[in-house]
Amino acid sequence: MAAIIKSPDEIEKMRVAGKLAADVLTMITPHVKKGVTTDELNTLCHEYIVNEQQAIPAPLNYGQPPFPKSVCTSVNHCICHGIPSDKKLKDGDIINIDVTVIKDGYHGDTSKMFVVGKPTILAERLIRVTQESLYKAIEQVKPGMRLGDIGHICQTHAEAHNYSIVREYCGHGIGSSFHEEPQIVHYGKPGTGEELVPGMCFTIEPMVNAGKRYSKVLPDQWTVVTKDRSLSAQWEHTLLVTEDGVEVLTLRDEETLPRTISHS
(Lines give C-alpha, C1' and ligand atoms only; values in the text may rest on other atoms or scores of the structure.)
Protein backbone atom coordinates (compact mmCIF):
# COMPACT_ATOMS: atom_id res chain seq x y z
CA MET A 1 0.00 0.00 0.00
CA ALA A 2 1.30 3.42 -0.94
CA ALA A 3 0.83 6.68 0.94
CA ILE A 4 -2.47 8.52 0.39
CA ILE A 5 -1.70 11.87 -1.28
CA LYS A 6 -3.88 14.62 0.17
CA SER A 7 -5.91 17.01 -1.98
CA PRO A 8 -5.83 20.78 -1.25
CA ASP A 9 -9.18 20.43 0.55
CA GLU A 10 -7.87 17.57 2.67
CA ILE A 11 -4.70 19.52 3.46
CA GLU A 12 -6.81 22.40 4.80
CA LYS A 13 -8.64 19.95 7.10
CA MET A 14 -5.29 18.51 8.22
CA ARG A 15 -4.10 22.03 9.10
CA VAL A 16 -7.20 22.60 11.23
CA ALA A 17 -6.88 19.25 13.03
CA GLY A 18 -3.15 19.81 13.54
CA LYS A 19 -3.70 23.24 15.10
CA LEU A 20 -6.33 21.82 17.46
CA ALA A 21 -4.01 19.02 18.61
CA ALA A 22 -1.23 21.56 19.24
CA ASP A 23 -3.64 23.75 21.20
CA VAL A 24 -4.50 20.86 23.54
CA LEU A 25 -0.83 20.53 24.53
CA THR A 26 -0.59 24.29 25.07
CA MET A 27 -3.74 24.23 27.19
CA ILE A 28 -2.59 21.35 29.42
CA THR A 29 0.93 22.69 30.04
CA PRO A 30 0.21 24.73 33.22
CA HIS A 31 -1.69 21.78 34.73
CA VAL A 32 1.25 19.35 34.59
CA LYS A 33 2.62 19.69 38.12
CA LYS A 34 3.35 17.79 41.31
CA GLY A 35 0.32 16.11 42.88
CA VAL A 36 -1.92 16.02 39.79
CA THR A 37 -3.01 12.59 38.55
CA THR A 38 -2.66 11.60 34.92
CA ASP A 39 -6.39 10.87 34.95
CA GLU A 40 -7.08 14.49 35.93
CA LEU A 41 -4.94 15.60 32.98
CA ASN A 42 -6.90 13.22 30.75
CA THR A 43 -10.20 14.72 31.93
CA LEU A 44 -9.01 18.27 31.23
CA CYS A 45 -7.89 17.28 27.72
CA HIS A 46 -11.10 15.36 27.01
CA GLU A 47 -13.36 18.22 28.07
CA TYR A 48 -11.32 20.76 26.12
CA ILE A 49 -11.37 18.66 22.92
CA VAL A 50 -15.07 17.81 23.14
CA ASN A 51 -16.54 21.02 24.57
CA GLU A 52 -14.18 23.82 23.45
CA GLN A 53 -12.93 22.41 20.14
CA GLN A 54 -16.10 20.50 19.19
CA ALA A 55 -13.78 17.69 18.13
CA ILE A 56 -13.22 14.01 18.93
CA PRO A 57 -10.32 12.51 20.94
CA ALA A 58 -9.08 9.78 18.58
CA PRO A 59 -7.51 7.45 21.21
CA LEU A 60 -10.77 6.93 23.13
CA ASN A 61 -12.05 3.41 22.36
CA TYR A 62 -9.42 3.01 19.62
CA GLY A 63 -7.99 -0.42 18.90
CA GLN A 64 -8.34 -3.87 20.48
CA PRO A 65 -8.81 -3.90 23.41
CA PRO A 66 -10.35 -0.41 23.17
CA PHE A 67 -8.05 2.27 24.63
CA PRO A 68 -9.98 3.55 27.69
CA LYS A 69 -8.89 7.21 27.75
CA SER A 70 -8.69 10.29 25.52
CA VAL A 71 -4.92 10.92 25.63
CA CYS A 72 -1.83 8.82 26.32
CA THR A 73 0.25 9.74 29.38
CA SER A 74 3.62 7.98 29.47
CA VAL A 75 5.61 8.61 32.67
CA ASN A 76 9.35 7.98 33.25
CA HIS A 77 10.18 4.48 31.93
CA CYS A 78 6.90 4.22 29.99
CA ILE A 79 7.79 4.50 26.28
CA CYS A 80 4.30 5.08 24.86
CA HIS A 81 0.57 4.31 25.15
CA GLY A 82 0.47 4.94 28.90
CA ILE A 83 -3.11 4.83 30.22
CA PRO A 84 -4.08 7.78 32.45
CA SER A 85 -4.67 6.64 36.04
CA ASP A 86 -5.08 7.86 39.63
CA LYS A 87 -1.31 7.85 40.17
CA LYS A 88 -0.06 11.30 41.19
CA LEU A 89 2.88 12.96 39.47
CA LYS A 90 5.84 13.62 41.74
CA ASP A 91 8.86 15.91 41.69
CA GLY A 92 11.36 14.90 39.00
CA ASP A 93 8.90 12.83 36.92
CA ILE A 94 9.02 13.19 33.16
CA ILE A 95 5.84 12.62 31.16
CA ASN A 96 4.88 12.47 27.51
CA ILE A 97 1.33 13.54 26.68
CA ASP A 98 0.21 12.29 23.27
CA VAL A 99 -2.84 13.97 21.74
CA THR A 100 -4.75 13.04 18.59
CA VAL A 101 -7.78 15.12 17.62
CA ILE A 102 -10.34 14.33 14.90
CA LYS A 103 -12.05 17.34 13.31
CA ASP A 104 -14.26 17.06 10.22
CA GLY A 105 -13.02 13.50 9.75
CA TYR A 106 -9.28 14.35 9.74
CA HIS A 107 -6.61 13.67 12.36
CA GLY A 108 -3.96 15.84 14.01
CA ASP A 109 -1.42 13.91 16.11
CA THR A 110 1.30 15.35 18.34
CA SER A 111 3.11 14.76 21.62
CA LYS A 112 5.32 16.70 23.99
CA MET A 113 7.56 15.96 26.96
CA PHE A 114 6.89 17.67 30.31
CA VAL A 115 8.98 17.77 33.47
CA VAL A 116 7.43 17.87 36.94
CA GLY A 117 9.46 20.20 39.17
CA LYS A 118 13.22 19.92 38.74
CA PRO A 119 14.47 17.24 36.33
CA THR A 120 17.61 15.19 36.81
CA ILE A 121 20.49 16.08 34.48
CA LEU A 122 19.96 12.69 32.76
CA ALA A 123 16.25 13.35 32.18
CA GLU A 124 16.83 16.88 30.91
CA ARG A 125 19.49 15.66 28.46
CA LEU A 126 17.37 12.73 27.23
CA ILE A 127 14.41 15.02 26.58
CA ARG A 128 16.56 17.55 24.72
CA VAL A 129 18.32 14.98 22.54
CA THR A 130 15.01 13.32 21.63
CA GLN A 131 13.52 16.64 20.55
CA GLU A 132 16.68 17.40 18.56
CA SER A 133 16.31 14.01 16.80
CA LEU A 134 12.80 14.99 15.73
CA TYR A 135 13.77 18.51 14.67
CA LYS A 136 16.84 17.38 12.71
CA ALA A 137 14.67 14.92 10.75
CA ILE A 138 11.90 17.47 10.12
CA GLU A 139 14.41 20.05 8.86
CA GLN A 140 15.45 17.68 6.04
CA VAL A 141 11.98 16.59 4.88
CA LYS A 142 11.35 17.39 1.23
CA PRO A 143 10.24 15.65 -1.97
CA GLY A 144 12.79 13.04 -3.05
CA MET A 145 13.92 12.27 0.50
CA ARG A 146 13.47 8.62 1.47
CA LEU A 147 12.01 7.11 4.61
CA GLY A 148 15.35 5.52 5.46
CA ASP A 149 16.86 9.02 5.57
CA ILE A 150 14.39 10.07 8.29
CA GLY A 151 15.16 7.00 10.38
CA HIS A 152 18.90 7.41 9.90
CA ILE A 153 18.85 11.03 11.12
CA CYS A 154 16.88 10.16 14.29
CA GLN A 155 19.01 7.08 15.03
CA THR A 156 22.37 8.75 14.39
CA HIS A 157 21.65 11.68 16.70
CA ALA A 158 20.28 9.55 19.55
CA GLU A 159 23.08 7.00 19.35
CA ALA A 160 25.73 9.74 19.24
CA HIS A 161 24.61 10.54 22.80
CA ASN A 162 24.72 6.84 23.81
CA TYR A 163 20.94 6.52 23.80
CA SER A 164 18.91 3.89 21.95
CA ILE A 165 16.01 4.09 19.50
CA VAL A 166 12.88 2.02 20.15
CA ARG A 167 12.23 -0.12 17.07
CA GLU A 168 8.85 -1.76 17.72
CA TYR A 169 6.86 1.49 17.45
CA CYS A 170 7.03 4.11 14.75
CA GLY A 171 5.51 7.12 13.05
CA HIS A 172 2.83 6.69 10.40
CA GLY A 173 0.86 8.19 7.59
CA ILE A 174 -2.20 10.09 8.81
CA GLY A 175 -5.31 11.69 7.35
CA SER A 176 -8.91 10.50 7.44
CA SER A 177 -7.49 7.43 9.23
CA PHE A 178 -5.50 7.59 12.46
CA HIS A 179 -2.82 5.27 11.03
CA GLU A 180 -2.17 5.07 7.28
CA GLU A 181 0.75 3.96 5.13
CA PRO A 182 3.66 4.43 5.23
CA GLN A 183 5.24 3.42 8.53
CA ILE A 184 7.97 5.84 9.59
CA VAL A 185 10.61 3.95 11.58
CA HIS A 186 13.20 5.97 13.50
CA TYR A 187 16.25 3.95 12.44
CA GLY A 188 17.52 2.98 9.00
CA LYS A 189 19.88 3.42 6.11
CA PRO A 190 20.07 6.59 3.99
CA GLY A 191 18.70 6.28 0.48
CA THR A 192 16.38 3.35 1.29
CA GLY A 193 12.61 3.11 1.59
CA GLU A 194 9.71 4.96 -0.01
CA GLU A 195 10.35 8.34 -1.59
CA LEU A 196 8.56 11.40 -0.20
CA VAL A 197 6.25 13.28 -2.57
CA PRO A 198 4.21 16.47 -2.15
CA GLY A 199 0.86 15.95 -0.44
CA MET A 200 2.04 13.18 1.89
CA CYS A 201 1.07 13.62 5.54
CA PHE A 202 2.75 11.59 8.27
CA THR A 203 4.11 11.73 11.79
CA ILE A 204 7.69 11.54 12.98
CA GLU A 205 7.76 10.53 16.66
CA PRO A 206 11.11 9.16 17.85
CA MET A 207 11.06 7.17 21.10
CA VAL A 208 14.48 7.31 22.73
CA ASN A 209 15.61 5.28 25.75
CA ALA A 210 18.38 6.27 28.17
CA GLY A 211 19.26 2.55 28.43
CA LYS A 212 18.79 -0.33 26.00
CA ARG A 213 16.20 -0.20 23.21
CA TYR A 214 14.16 -3.19 24.35
CA SER A 215 10.52 -2.79 25.36
CA LYS A 216 7.71 -4.87 26.78
CA VAL A 217 3.93 -4.49 26.83
CA LEU A 218 2.16 -4.64 30.19
CA PRO A 219 -0.85 -6.93 30.80
CA ASP A 220 -3.29 -4.07 29.99
CA GLN A 221 -2.15 -4.73 26.37
CA TRP A 222 -1.42 -1.03 25.81
CA THR A 223 1.26 0.34 28.14
CA VAL A 224 4.77 -0.06 26.68
CA VAL A 225 7.75 0.22 29.06
CA THR A 226 11.52 -0.11 28.82
CA LYS A 227 12.65 -3.63 29.73
CA ASP A 228 15.55 -2.28 31.81
CA ARG A 229 13.33 0.39 33.45
CA SER A 230 15.51 3.17 32.01
CA LEU A 231 13.90 6.53 31.25
CA SER A 232 12.28 7.05 27.85
CA ALA A 233 11.33 10.22 25.97
CA GLN A 234 9.29 10.99 22.86
CA TRP A 235 8.28 14.02 20.78
CA GLU A 236 5.90 13.96 17.82
CA HIS A 237 4.68 16.20 15.03
CA THR A 238 2.30 15.73 12.09
CA LEU A 239 3.92 16.91 8.85
CA LEU A 240 2.91 17.78 5.30
CA VAL A 241 5.40 17.33 2.45
CA THR A 242 5.17 20.49 0.32
CA GLU A 243 6.44 21.14 -3.23
CA ASP A 244 9.87 22.16 -1.91
CA GLY A 245 10.01 21.14 1.76
CA VAL A 246 7.77 20.59 4.74
CA GLU A 247 5.00 22.20 6.79
CA VAL A 248 4.72 21.31 10.49
CA LEU A 249 0.94 21.00 10.97
CA THR A 250 1.09 20.61 14.77
CA LEU A 251 3.61 23.36 15.61
CA ARG A 252 3.09 25.20 18.92
CA ASP A 253 3.86 28.90 19.48
CA GLU A 254 6.53 28.04 22.09
CA GLU A 255 8.68 26.18 19.55
CA THR A 256 11.73 27.55 17.74
CA LEU A 257 11.20 25.35 14.66
CA PRO A 258 9.79 27.23 11.60
CA ARG A 259 6.29 26.17 10.56
CA THR A 260 7.34 25.89 6.92
CA ILE A 261 10.81 24.94 5.69
CA SER A 262 11.71 25.43 2.04
CA HIS A 263 14.59 23.72 0.21
CA SER A 264 14.12 25.45 -3.14
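When reading the values below, keep in mind they use all heavy atoms of this one structure, side chains included, and skip hydrogens, waters and symmetry mates. By convention here, the first residue in the shown sequence is residue 1.
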With distance as the sole test, does [X] use its side chain to make a donor-acceptor pair with the main-chain N or O of [Y] at under 3.5 Å?
X    : Y    : value
S133 : H157 : no
W222 : C72  : no
S74  : G82  : yes
S230 : G211 : yes
R146 : T192 : no
H77  : V225 : no

List, one per line, each side-chain donor-acceptor pair under 3.5 Å for residues 114-129, sequence neighbours excluded.
residue: T120; atom: OG1; partner: A123; partner atom: N; Å: 3.0
residue: R125; atom: NH1; partner: Y163; partner atom: OH; Å: 2.9
residue: R128; atom: NH1; partner: E132; partner atom: OE2; Å: 3.0

Can you confirm whether the side chains of [X] and [Y] place a donor and an acceptor under 3.5 Å from each other?
X    : Y    : answer
T26  : D23  : no
Q131 : Y135 : yes
D109 : T238 : no

Side-chain donor/acceptor pairs under 3.5 Å, residues 44-53, sequence neighbours excluded:
residue: H46; atom: ND1; partner: S70; partner atom: OG; Å: 2.7
residue: N51; atom: ND2; partner: E47; partner atom: O; Å: 3.4
residue: Q53; atom: NE2; partner: L20; partner atom: O; Å: 3.0

**Study point:** Between CG on residue N209 and OG on residue S164, distance to nearest 0.5 Å
**Key:**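 OG of S164 is found 4.5 Å from CG of N209.
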Review point. What is the distance from atom NZ of K19 to atom CZ of R252, rounded to the nearest 0.5 Å?
Key: 12.0 Å
Is there side-chain contact between [X] and [Y], with at least one heavy-atom pair below 4.5 Å?
X    : Y    : answer
T100 : P57  : no
I150 : L196 : yes
M113 : I94  : yes

Check your understanding: Among all residues two or more places apart in sequence or in another chain, which pass the salt bridge (Lys or Arg N to Asp or Glu O under 4.0 Å) test with E10?
Key -> none
**Study point:** Evaluation steps, side chain to side chain contact (heavy atoms under 4.5 Å, CB included), between H31 and L41
**Key:** CA-CA 7 Å; H31 300 281; L41 297 175; 3.9 Å; yes
Point to revise | E255, E254, E236 screened by salt bridge (charged side-chain N to carboxylate O under 4.0 Å, His left out) with K112, the one that passes | key: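 Only one of E255, E254, E236 forms a salt bridge (charged side-chain N to carboxylate O under 4.0 Å, His left out) with K112, namely E254.
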**Study point:** CD (E40) with more than 12 external heavy atoms under 6.0 Å
**Key:** yes
